[in-house]
Amino acid sequence: MSATVSNLAGPDSFDVIVIGAGPGGYVCAIRAAQLGMKVACVEKRVTLGGTCLNIGCIPSKALLHSTEHFEEAKHKLETHGVIVGEVSYDLGKMMGHKTKTVDANVKGVEFLFKKNKITWLKGTGSIAAPGKVSVDGKEYAAKHIVIATGSESVPLNGVEVDEKKIVTSTGALELEKVPEHLVVIGGGVIGLELGSVWQRLGAKVTVVEFMDRLAPGLDLEIGKQFERAMTKQGMKLKLKTKVTGAKVTGEGVELTVAPAAGGEEEKISADIVLLAIGRRPYLASLGLETAGVKLDERGRVQVDAHFATNVPGIYAIGDCITGAMLAHKAEDEGMALAEMIAGQKPHINYNAIPSVIYTWPEVATVGETEEQIKAKGVAYKVGKFPFTANGRARAMGETDGLVKIIADAKTDLVLGAHIIGPDAGTLIAELAMAIEFGASSEDVARTCHAHPTLNEAVKEAALAVEGRAIHI
């Protein structure tokens, strides 16, 4: 492993200054420090970890897990002979568990900064000039500057967020009581996950989505199953529908919606409205224009294959550049960039980056969808295996869903994998590794999988590519 030993002596001079301490930023800082560089990281929050650890991935997963326990106790435990009587919840304790989870994670990052001798520059950072970063008016010098400022919720004309009645994910994680009717604007990952949280606790949930299906990027077959699962759980879906206005009233919010293609408007009354139509790069007050850093047509920082901007010594990673807005994608980019700065030659296979929706059942995907492969004109084969035929899933009482593997018809290389079902987010890792290593469906099929496990459904789907699944 090559390393760069810093010879900088001044307290205000660094090899690398990372602006933003989210998953991309803090991982980049740690890896650069491991490689012997003198590193600082700018963060204006009172805690490290960015949106993900503070008001995103981590707190939402804590609430998802807590409400899954409640749902299980209320509707599923009796199947297993566990009788618990009347089931209730304590929202305050659920929120307390969420807060403790967040605190443990952000303090963990702070510990890692101290362990790796990374200087935390507390305040709002901006690029004063190439090689210079200003933090609340004080300037610091850096050979390399990394923009890792993440993203923010996309606004919608006519829907003014107050984080009380009209909320983004931030407000939806802090509600003081369960709403009677929650309307989610946007049928993507964030809206569906948080909609699931409050629905399990008794809220009526309506999802308004402009497109003709939920989570439009999903493989179409998996997406249809996902829609059925959400509908079965009680979510009301208003697809091909746009929101044209929102008025806060004494009782809640009155939304005005209309068909996406145009037509007669209708009113929907809600206690809480969650605006979740996507996220956009957060680049406010960074001074990019002054520094001469170019943005692309969608307002993202424009970088080359080495994360370098058009200005020498300035780089960008994560949500503020092109690609999926995923914490683990940002982490991989942060690590790769630190290694590039140190003179190494790392590589990221973007086709092997998984994506997960943490509803229940979970939905996980890696590689290309069947529609994408078909559009390319590539000959392919598909193998599918349902969880209804998996012994462990039956024992768990979690038989909804399937594993779908798509392989090249000529080479048998795994091109894409899509799972809806129990622990799909964990199961997808095997198939991400298969794509990373250039494995064939036969490689997956011939790998011995422990019995009885959910992973056997992956093996069976791989066998099914050649029409030789055993247990169906």
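No side-chain heavy atom of Thr309 sits less than 4.5 Å from a side-chain heavy atom of Lys294. Looking at heavy atoms from C-beta onward, Ile341 lies out of side-chain contact with Asp15 at the 4.5 angstrom threshold. The side-chain heavy atoms of Tyr315 and Ile147, taken from C-beta on, include no pair separated by under 4.5 Å. Contact annotation: the side chain of Leu175 approaches that of Pro179 to within less than 4.5 Å [non-hydrogen atoms, C-beta and beyond]. Put simply, the side chain of Asp271 does not reach to within 4.5 Å of the side chain of Leu182, judged on heavy atoms. A 4.5 Å side-chain heavy-atom check between Pro59 and Glu174 finds every atom pair outside the cut-off. Side-chain contact between Ile405 and Leu431 is present, with at least one heavy-atom pair separated by less than 4.5 Å. Gln34 places a side-chain heavy atom less than 4.5 Å from the side chain of Asn116.
Every residue meeting the side-chain contact (heavy atoms from CB on, under 4.5 Å) condition with Lys138, not counting sequence neighbours, appears here in chain and number order: Asp12, Tyr140. For Thr47, the side-chain hydrogen bond (donor to acceptor under 3.5 Å, both in side chains) criterion is met by Asn54, not counting sequence neighbours. Here Thr119 pairs with Phe14, Ala40, Leu121 under the side-chain contact (heavy atoms from CB on, under 4.5 Å) rule; sequence neighbours left out. Qualifying side-chain contact (heavy atoms from CB on, under 4.5 Å) partners for Ser60, counting only residues two or more places apart in sequence or in other chains: Leu173, Glu193, Leu194. By the side-chain hydrogen bond (donor to acceptor under 3.5 Å, both in side chains) test, Thr241 is found to be paired with no residue, residues two or more places apart in sequence or in another chain being considered. Judged as a side-chain hydrogen bond (donor to acceptor under 3.5 Å, both in side chains), and not counting sequence neighbours, His306 has no contacts. For the side-chain contact (heavy atoms from CB on, under 4.5 Å) test, residues two or more places apart in sequence or in another chain that qualify with Leu239 are Glu209, Leu214, Glu227, Leu237. Scanning for side-chain hydrogen bond (donor to acceptor under 3.5 Å, both in side chains) contacts around Lys345 gives an empty result, with sequence neighbours left out.
Closest non-hydrogen pair, Asp423 versus Trp360, comes out as N-CH2, 3.6 Å. Counting all heavy atoms, side chain and backbone alike, Arg45 lies closest to Thr51 at NH2-OG1, 3.5 Å. In terms of heavy atoms, Gly25 sits closest to Ile317 at N-CD1, 4.2 Å. Residue Thr149 comes nearest to Tyr282 through the heavy atom pair OG1-O, 2.7 Å, listed as atom of the first residue, atom of the second, then distance. Nearest heavy atoms, Gly20 versus Cys41: O-SG, 3.5 Å. Residue Val311 comes nearest to Gly292 through the heavy atom pair CG2-O, 3.5 Å, listed as atom of the first residue, atom of the second, then distance.
For residues 243-268, every residue pair satisfying the salt bridge (charged side-chain N to carboxylate O under 4.0 Å, His left out) rule, not counting sequence neighbours, is listed here: Lys238-Glu266. Applying the salt bridge (charged side-chain N to carboxylate O under 4.0 Å, His left out) test to residues at least two apart or on different chains, the pairs with a partner in residues 314-335 are Lys329-Glu333. Among residue pairs with one or both ends in residues 146-170, those qualifying as salt bridge (charged side-chain N to carboxylate O under 4.0 Å, His left out) are Glu152-Arg280; sequence neighbours excluded. For the salt bridge (charged side-chain N to carboxylate O under 4.0 Å, His left out) condition, the pairs that include at least one residue of residues 212-224, sequence neighbours left out, are Asp219-Lys404, Glu221-Lys384, Glu221-Lys404.
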**Report entry** Verdict with supporting geometry, His65 and Tyr358, side chain to side chain contact (heavy atoms under 4.5 Å, CB included)
**Finding:** CA-CA 9 Å; His65 202 65; Tyr358 294 94; over 6 Å; no

Requested in this report: Begin from the C-alpha positions of Lys204 and Glu180 and carry the test salt bridge (charged side-chain N to carboxylate O under 4.0 Å, His left out) through to its verdict.
Outcome: CA-CA 6 Å; Lys204 174 188 172 186; Glu180 285 187 32; over 6 Å; no

Requested in this report: Step by step, work out the side chain to side chain contact (heavy atoms under 4.5 Å, CB included) result for Val146 and Leu337.
Outcome: CA-CA 9 Å; Val146 179; Leu337 175 55; 3.7 Å; yes

Report task. Evaluate the side-chain hydrogen bond (donor to acceptor under 3.5 Å, both in side chains) criterion for residues His181 and Thr206: first the C-alpha distance (whole Å), next the side-chain angles of each, then the deciding distance (0.1 Å), finally the verdict. Result -> CA-CA 8 Å; His181 187 198; Thr206 301; 2.8 Å; yes

Requested in this report: Could you please spell out the steps behind the side chain to side chain contact (heavy atoms under 4.5 Å, CB included) verdict for Leu326 and Ile353?
Outcome: CA-CA 9 Å; Leu326 298 167; Ile353 294 178; 4.1 Å; yes

Requested in this report: Check the pair Val243 / Thr256 against side chain to side chain contact (heavy atoms under 4.5 Å, CB included), numbers first and verdict last.
Outcome: CA-CA 6 Å; Val243 174; Thr256 306; over 6 Å; no

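When the shell of 6.0 Å around CE of Met433 is examined, it contains 12 or fewer heavy atoms from other residues, nucleotides or ligands. Heavy atoms from other residues, nucleotides or ligands lying under 6.0 Å from OH of Tyr380 number more than 12.
In this structure, CG in Leu402 is found 9.0 Å from CD1 in Ile419, a value given to the nearest 0.5 Å. To the nearest 0.5 Å, atom NZ of residue Lys242 and atom CD1 of residue Ile185 are 14.0 Å apart. Interatomic distance, Ile314 CD1 to Ile17 CD1, rounded to the nearest 0.5 Å: 11.0 Å. Atom OG of Ser153 and atom CD1 of Ile190 lie 7.0 Å apart (nearest 0.5 Å). One distance of note links OG1 of Thr290 with CD1 of Ile127; it measures 10.0 Å at 0.5 Å rounding. The distance from the CD atom of Glu368 to the CG atom of Leu415 is 6.5 Å, given to the nearest 0.5 Å.
Under a 3.5 Å cut-off, the side chain of Thr411 and the backbone N or O of Leu413 do form a donor-acceptor pair. Under the 3.5 Å distance criterion, the side-chain polar atoms of Glu370 are left unmatched by any main-chain donor or acceptor of Ile406. In this structure, Gln199 contributes its side chain and Met235 its backbone to a donor-acceptor pair below 3.5 Å. With Arg200 contributing its side chain and Thr67 its backbone, the two residues share no donor-acceptor pair below 3.5 Å. Proximity of a side-chain donor or acceptor of Ser151 to a complementary backbone N or O of Arg279 within less than 3.5 Å is not detected. Of the possible polar contacts, one joining the Thr249 side chain to the Gly252 backbone as a donor-acceptor pair under 3.5 Å is found. Side-chain atoms of Asp136 come within 3.5 Å of backbone N or O of Thr124 as a donor-acceptor pair. Judged by distance alone, with hydrogens and angles left aside, the side-chain atoms of Gln344 form no donor-acceptor pair with the main-chain N or O of Glu339 at under 3.5 Å.
A donor-acceptor contact closer than 3.5 angstrom is absent between the side chains of Tyr26 and Glu43.
Between Asp103 and Lys107 no salt bridge is recorded (no basic side-chain N to carboxylate O distance below 4.0 Å).
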